[in-house]
Amino acid sequence: MLEDKNTHRTHLSELGEFGLIDHLTKDFPIVNPSTLKGVGDDGAIIDFGDQKAVISSDLLIEGVHFNLSYVPLKHLGYKSIMVNLSDIYAMNAIATQVVVSIAVSNRFPVEALEELYEGIRLACDIYKVDLVGGDTTSSTRGLIISVTAIGMAPQEKIVYRNGAKENDLIVVSGDLGSAYMGLQVLERENEVFKVNPNMQPDLESYQYLIERQLKPEARKDIVLLLDKLGVQPTAMMDISDGLSSELLHICKQSHVGCRLVEEKIPLDPTLINACEEFTLSSTMVALSGGEDYELLFTIAPSDYDKIKGNPNLSVIGYITEPAQGCNLITRANEAIPLKARGWNAFR
Ligand code: ADP
Ligand code: MG
């Protein structure tokens with residue numbers, strides 16, 4: 001097991017609860033002026049002045065959301081912050097604070113938690129968010145991580161899921177499906193390893209896919225880019241469950257239909273190769289594979305010139321009146337109804 005790979009193991013009882021909290025949180029400097037009080041009292045104090053606060057929370061459970069036989073703890077720490085920041089950016093807000101709670105069994109030594117917090121610290125450092133609190137407790141089995149992210153934005157900047165209008169363009173950042181194929185590769189190698197632990201996997205050609213699975217980046221850069229371009233999306237969400245399910249959420253909440261154009265869906269060449277090897281349809285993987293943490297949003301047609309040609313953004317379709325329904329326009333120019341098949345459908 002990965003959490004056992006350290007040669008030196010400090011038992012959790014050597015530090016005690018308060019010693020452990022101190023030890024894990026001592027290297028987290030405060031960088032946001034809105035953080036008036038962080039770790040160390042009964043509660044954190046955050047001052048947003050006339051900005052609005054945005055709050056989002058996620059729970060990650062060992063064996064359900066992650067498998068420690070192929071997810072390094074440092075990556076897990078990083079990703080647990082990313083998935084939460086992604087929700088804040090999806091509201092067109094900037095994340096400023098996180099609260100991280102952990103439940104651990106005593107099979108984890110202090111060194112394992114240090115690795116976890118190294119990933120959390122890296123994420124906080126790169127994305128400029130302050131760790132301002134949490135809770136630390138024991139579990140009978142496995143590791144549980146709960147992260148709550150807090151962000152801020154002026155009221156007029158906040159974007160909901162329900163603002164898409166007929167004729168709006170549908171835009172997505174980055175490329176889709178790669179995180180799902182990264183998971184397929186990791187799971188396959190894990191099975192091979194169980195049968196023959198001496199086999200050294202050659203993962204070179206899958207590097208991009210594995211990175212997308214293990215070390216996703218939340219798209220703070222896109223929120224900043226849209227602001228710089230003067231584009232205010234009409235609806236937005238992040239892609240955690242797959243493009244089709246997220247687009248259906250936007251359409252349902254906005255009371256509109258859509259036409260999603262298959263050939264416009266952005267795919268990385270590595271993903272196309274891996275899909276051929278696994279005999280999966282790359283379109284299906286992009287539609288239903290999850291965990292890409294890209295931003296999906298709609299913009300007024302008059303904003304098209306502002307985003308045109310930007311390598312980070314792809315226009316993948318447009319919004320229609322509700323009576324048209326939600327359709328995928330295939331390469332053969334057929335309209336087929338979009339289905340909400342989250343990534344669970346593949347398992
Ligand atoms: P209480 O007994 O009031 O719940 P704790 O002793 O659990 O307080 O926590 C003391 C301080 O340490 C609080 O500021 C709390 O938010 C913070 N804290 C506890 N666990 C963590 C953690 N895993 N990460 C960051 N901060 C933590
Ligand atoms: Mg507590």
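Atoms considered below: every heavy atom in the structure, side chains included; atoms not considered: hydrogens, waters and symmetry mates. Quick caveat: nothing in here was measured; it's all calculated off a predicted structure. Counting starts at 1 for both ligands and their atoms, following the listed order.
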If you measure only the distance, is there a donor-acceptor pair under 3.5 Å linking the side chains of [X] and [Y]?
X	Y	answer
S173	E294	yes
D22	T25	no
Q97	T35	yes
E118	Y78	no

Using a 6.0 Å cut-off, check whether atom CD of Q207 has over 12 heavy atoms from anything other than its own residue.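 Not more than 12 within 6.0 Å, no.
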
Looking at [X], which atoms of ligand 1 are within less than 4.0 Å of one of its heavy atoms?
X	result
V100	22 (C), 23 (N), 24 (N)
V39	12 (O), 14 (O), 17 (C), 26 (N)
T25	24 (N), 25 (C), 26 (N)
Y117	22 (C), 23 (N), 24 (N)
D135	7 (O), 19 (C), 20 (N), 21 (C), 23 (N)
G133	16 (O), 24 (N), 25 (C), 26 (N), 27 (C)
D42	3 (O)

Closest candidate by heavy atom, reference atom 20 (N) of ligand 1, pool V147, L24, T136: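 Closest candidate by heavy-atom distance is T136.
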
Could K220 and Y89 be counted as a cation-pi pair, given that NZ or CZ must be under 6.0 Å from the ring centre and within 45° of the axis?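 Not satisfied by the 6.0 Å and 45° rule.
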
Proximity flag F28 to ligand 1, non-hydrogen atoms under 4.0 Å: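 No; F28 lies far enough from ligand 1 that no heavy-atom distance drops under 4.0 Å.
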
Specify the closest pair of heavy atoms between Q324 and N327, including all atoms of both residues, with the distance to one decimal.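 Between these two residues, the closest heavy atoms are O-ND2, 2.9 Å.
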
When only distance counts, is G134 in polar contact with ligand 1, meaning an N/O pair under 3.5 Å?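 N/O-N/O distance under 3.5 Å: yes.
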
Side chain or backbone, does G40 bring an N or O within less than 3.5 Å of an N or O on ligand 1? yes

Starting from the C-alpha separation in whole Å, work towards a yes-or-no answer on side-chain contact (heavy atoms from CB on, under 4.5 Å) for Q213 and L186. CA-CA 9 Å; Q213 168 60 222; L186 287 168; 3.9 Å; yes

Of the backbone atoms (N, CA, C, O) and the side-chain heavy atoms from C-beta on, which set of D41 has a member under 4.0 Å from an atom of ligand 1: side chain, backbone, both, or neither? backbone

